[in-house]
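Labels below follow one simple rule: chain letters A, B, ... track the order of the sequence lines, proteins then strands, and each chain is numbered from 1.
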Amino acid sequence: METEENTSTVFTITRGSFVDGWGVRTTIFLKGCPLRCKWCCNPESQSAAPELSVTPADCTLCGLCRDVCPYLTLEKSGPVVDRQKCRNCGKCADVCPTNALAMFGEVYTVDRAFNELIRDKEYYDRTGGGVTIGGGEATLSDKFTYELMKKLQEAGVHVAIDTCGYPVTPLALKILEQADLILFDLKGMNPERHRQDTGVDNEAIHETLRHLGALGKEIIIRIPLIPGHTDDNATLRNEAALIESIGTVKRIDLLPYHDFGAVKYQQLGKPYKMEGTQRLTEERVEEIARIFRATGIPTQIGG
Amino acid sequence: MDSKKTFVMSDRVKQLREAVLATPEVCVERAMYLTRSFMETEGENIVIRRAKALAHILENMTVTIHDGELLVGTTTSKRRGSFIIPEIQWEWYLNEMDNMSTRSWDNCQPIGRFEREQMQKYLPYWKDKCTWDKVNKEWNDTVLRFNGEIFMTHTSSMSGQHFGHIAVDYPRMLSRGLRDIISEAKSDLARIPVSPDELRRHTALKAAVIAMEAVITYAKRYAKLAADMARDEKDPKRKAELLEIARICEKVPEQPAETIYEALQSILLLYFALRIEAYAPGVSLGRPDQYLYPYFERDIANGVIREEQCVELLEMLLIKMNDLACLMSTETVEFLSGFPTLASITIGGVKRDGTDSVNPLTYLLMEAERNIRLTAEEFVVRINRENSDEFVIAACQLAVEMKGKIKFISDETTIAMLMRDGKSLEDARDYVVLGCASPSSAGRSLDITAGAINFAYILELALNDGKSRLTGEQIGLRTGDPKKFASFEELWDALKKQIEYILSVAVCSRNTDRLVYAENVPAPLHSAMLPACFDSGLDIVNVGAKMCATESHGAVGVPNVADSLAAIKKLIFDEKRFTMSELIDALDKNFEGYDALHGALLHAPKFGNDIDYVDDIVGDILEFASSVLDRYEGIAGTKHTLAAMAGTGNFVMGSKVGALPDGRLSGKPLAEGGISPSQGKNTSGATASMRSVAKLNHTAISGGSVFNMRFNPEAVDTDEKMRKFALMLRTYCETGGFHVQFNFLSAETLRAAQADPQQYRDLLVRVATYSAYFVELSKQVQDDIIVKTEFKEV
Ligand code: SF4
Ligand code: SF4
């Protein structure tokens, strides 16, 4: 029966969000992303399956986890997991009474997700808000996202899709074509560097953007400002020009680099590649904002 | 008027504001003159004695006009003073004389020699005469055992306060003047009283005349002082101001006010007299933007005053309300720490006819508060569908700027609650919010809080065959060995029996206290200022059904009880992962050696996350407790109602309760506020918490309830986000919410204030329902505020 169900791995649902689109929203973050941005602040969203998170600081050394798995040892500092062997089965997290061992991600059916997302309907209606499906990459779980979006739309909920603009299936593209609002991430204009930074080509992404613009979709562009990667003036001016040419972009959100994600890399036992990166100064961020404001499109700093 | 207009504080307002940002000083004048008067009036009728005592205080207390003041009058002889209320309790003031300046919270300045001598001289007079001594003799053993164990500040005597939890009929006084009301009383007194009711009213009217004349005398003392000061004043500008003060105090409150300036001075003088007569945190100014508006409108139209002059006067009014910081005994202060004054001003909502009440003066009051933002004045903002988004956003903006010092109340829910308790639609629409969060009809009803009951303790009784887990004492009923409960229903039945029992004792305790109040501490001035009392001759301590009066019992820890019940239901009875026997053993051992069970309990569904499984249990508990209270009648026909308010009592009450099945460890604080989710347990986002609270049946907690949330100021740092915030608040109010207030402080700011209190002397935080200076709180309360879940966007 489970195999028939349309499911996806959800890593978090944030209710009462003032970002991620218009009005008050609930954002559902799905796991799984075709890109591997070096600066990703949600590394737990990259893989499509639930993953074990380890936070030794929360461990009380109760010893309950020791008995359930051979790949896990208990040291004075807390649990140590052999990441090569761990199958992310979650048994240890089930017994752990604290959050020292916990799972990033839980499998949701469309119905379960819908029932949770519909709860704030009154808030969406009163504030002009709705649901944002993000990730990860929302379109990667194409069947799940499409069905969920349709169900929400039929119930009168405004649906925004947060996307990196790299739909890998026809259904994924259909999701973008039928969403009420697109939050579209742009990550640099230089094809070579884009491939190095994210692992994919950016021309396909720009193509998607132009296509959505031609369909008349409302779009909010989101640009992570990563020092040394996406913050040189040439890149930014090219991006501004591209955005202006689309015609349906309602707002530009600039997202200055932060290192809040670093701790999650530790919890997942993954290396953090941005170590030592400095944050941009406020003056520099303002300067960048001016480049985009010159397009006449409202530009804000932060989501 | 342009609602965006802002006003700069004048230098003199800044100085006046600075002066009340002081550590309070004890003033003995009230106690001294009150006692002297009582010594002289022994044998007379108590109503008359109380009026004469008020008169004696107002005729003799120090009158002072400070530099730059345009509005005059004081509550005590000190800049920020604490008076003594010996007719309620006297002994603790003597016992704690030294401790008052050194205890860990709510400290005053060391008490001076003169004050000590007077206290030692006059306070012992009240032995066996004060209400606390009297009621302690009346109470049965059960009540005595429960006091301080399950009940906190559960009656007025216990908290050391009067019934001053009311907004009197200010508009009547403003438009008629006290002289006209005195004349009415005198002409009624000329008739021969025959029936018992007439005889009672005869005495009440005599007392009313004495009390009102005393207020006039008090005003005229200020008129004289101002005139004397004007004579010696060199600065012609100040001289003119003093002469104007003299003119106004000669006129009001005796005569009707004719300008906004006169009206403000008039209500302020009455306000001080009311506080002196019968203080409790909660003496309120009602809805000043409503009753002052006609004066304001006329003055502006006639060019009598400019907006900025009006704002300066309003600022001075707000500062004046901060001249009192009432000291409470250490026992009480644990429940209400941070010098709560709760001098509420209710704005927004609708008028009696149901139309939008917001007017230009509403905005000016908000502008004045934007500058003053001290602790005593409490702004309550009513949110009604009729109010504009512009108004709601302005109020939210103000709340953010003041770090959250604004209470928001849903009109829809509140009007329904008040009508449930018997108020008419029009009176319900004209409500104000008093004290922590008690809705009441201004000038028409008396709605007071009875105090607080520890519901977590009651659950413990149900889970321990009626015994306290910490002391082993048999406190409650024997409801059976909990290890043998075979179904959730058996546990629920045991809990219901304990609730019924404890509430019956609570009503007994409360009614006994009220009888003592009725006989010993009537408040003739308050009564003269309320038409229902004035017309009937019933004092406010005895007014009961005539005013649809209610007294609400504050349930503390209901979220803990519900979280506990949900965890038991799920893990033991639904999933059968653990047994009742294991649970009880684990509770006895404070979870030591029960990590797996403890972890499972902590992970069970918690209130505040919009999970019906547990939210419905909160509702069931409240509805059941409310239905129990409905069975009882109070003195003079008051209604006993339920509230959900904890003050700061969640700490001391938590210290009496052992480990709970929600995973809370023995002795730790209970959930804060009243129906605020347990600290750090609402992790599903702001709307989820709001929905959890809004889905409760608030008419079951018609005494009011308290829901606190913390937001990171960054969450609302643009106009667009602010608009979303305001609309989210409106949704909460329109979908069943009652009260909500916010702390807009980042944890970093709070930690910085802990480390360097001097730099943060005026940093306001929400404590329970009122605002307090963060640095005046104990470390424990400070830490708790830091822990509370913060909603922010990432
Ligand atoms: S997730 Fe499964 S495989 Fe990995 S450490 Fe835990 S129990 Fe072992
Ligand atoms: S179960 Fe959790 S708390 Fe216990 S030892 Fe393992 S990691 Fe630590």
TODO: Give, as side chain, backbone, both or neither, the part of B:Ala688 having an atom under 4.5 angstrom from any heavy atom of chain A.
DONE: both

Task: Pair B:Phe742 and B:Phe725, ring centroids less than 6.0 Å apart - done: yes

Open item on the list: Can you confirm if the NZ or CZ of A:Lys151 lies within 45° of the ring axis of A:Phe114 and under 6.0 Å from the centre of its six-membered ring?
Closed with: yes

Task: B:Arg723 (side chain) donor-acceptor with B:Thr718 (main chain) under 3.5 angstrom - done: no

Open item on the list: Can you tell me which of B:Asp612, B:Val716, B:Asp717 forms the most heavy-atom pairs within a distance under 4.5 Å of chain A?
Closed with: B:Asp612

Task: Region of A:Thr127 that comes under 4.5 Å of a non-hydrogen atom in chain B - done: both

- [ ] Could you check which of B:Asp595, B:Leu601, B:Asp610 has the highest count of heavy-atom pairs closer than 4.5 Å to chain A?
- [x] B:Asp610

TODO: Using a strict cut-off of less than 4.0 Å between a Lys/Arg side-chain nitrogen and an Asp/Glu carboxylate oxygen, indicate whether A:Arg126 and A:Glu122 qualify as a salt bridge.
DONE: no

Task: For chain A, the option from B:Met728, B:Arg691, B:Arg730 that forms the most heavy-atom pairs under 4.5 Å - done: B:Arg691

Open item on the list: With a 6.0 Å cut-off on the ring centroids, do A:Phe104 and A:Phe11 count as close?
Closed with: no

